[in-house]
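See structure below.
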Amino acid sequence: MTMSEVDPRGDMELSVALIVPCTEAEGPGRRWALWFQGCPLRCPGCCNPEMLSFAGGRRLPAAAAIAGFEQAQREHGIEGITLLGGEPLAQARGAAILARAARQRGLSVMVFTGYTLEQAQQLGDPAVAELLACTDILVDGPYRQDLPERQRRWIGSANQRVYFLTDRYRADDPCWRRPNTVEIRWRPGELTVNGFPVSTPMGPSRRR
Ligand code: SF4
């Protein structure tokens, strides 16, 4: 089955660690962000160790995730979605469904992966190819705690590269020069922190 044959409103299930309906700390503008649960990589110093196990998280139909960013588009005027984790490429089929659906709704797509772009392409997975084809900004490579990034916004370590896979964004866009931010949300029984700083003992933090 090719990705084009996958019904984006079907019952494909995602394993999800966290969703933030509207954030300004995970890429350009206001974005709906989804952290996948599960990562086969083990970067020393990983900022989201609670998202590494494939046994954790919650199951969510792709259709429900799509409905979530449709709602965020209506209510918050988001300009795009960001997929991170955990490892989006470990759930490439589901990630590609979300990315394609986002594109169809005029939203941009930003993806953080621990694989390099070359490694991702060499996986030979049609779903990964589909995901990359629907991605505007790709941040690649494992987190290196010995190479902390000091300059580039949203990037965890200096080895990671930013690819502008479409012309929707540019490296010299003003948003890249603004300082990093951290967002803290409290709902009864749940405290979430995303953005920088990269780690917190309080709950889900962020990426690589
Ligand atoms: S930093 Fe990212 S790629 Fe590395 S182990 Fe953690 S979630 Fe996986």
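Read the numbers this way: they start at 1 and go in the same order the structure lists the ligands and their atoms.
When the options Asp173, Ile137, Thr82 are evaluated for a side chain to side chain contact (heavy atoms under 4.5 Å, CB included) with Pro28, the one that passes is Ile137.
Each of the atoms 3 (S) of ligand 1 lies under 4.0 Å from some heavy atom of Gly114. For ligand 1, the atoms closer than 4.0 angstrom to any heavy atom of Leu41 are 3 (S), 5 (S). In the vicinity of Tyr143, heavy-atom distances shorter than 4.0 Å reach the ligand 1 atoms 1 (S). The contact set between ligand 1 and Cys39, taken as ligand atoms under 4.0 Å from a residue heavy atom, comprises 3 (S), 5 (S), 7 (S), 8 (Fe).
For Pro142, the heavy-atom gap to ligand 1 stays at 4.0 angstrom or more.
In summary, Cys46 places an N/O/S atom under 2.8 Å from atom 6 (Fe) of ligand 1, meeting the contact criterion.
With a 4.0 Å heavy-atom cut-off, ligand 1 is reached by the side chain of Leu52 but not by its N, CA, C or O. Of all the heavy atoms of Cys43, the ones lying under 4.0 Å from any atom of ligand 1 are found in both the backbone and the side chain.
In Arg103, the CZ atom is crowded: over 12 heavy atoms of neighbouring residues, nucleotides or ligands sit closer than 6.0 Å. More than 12 heavy-atom neighbours from other residues, nucleotides or ligands sit within 6.0 angstrom of CZ on Arg59. Atom CD of Gln151 is surrounded by 12 or fewer heavy atoms from other residues, nucleotides or ligands within 6.0 Å.
Side chains of Gln91 and Ser15: a donor-acceptor N/O pair is absent below 3.5 angstrom, by distance only. Looking only at atom types and distance, the side chain of Arg31 has no donor-acceptor partner in the side chain of Thr23 under 3.5 Å away.
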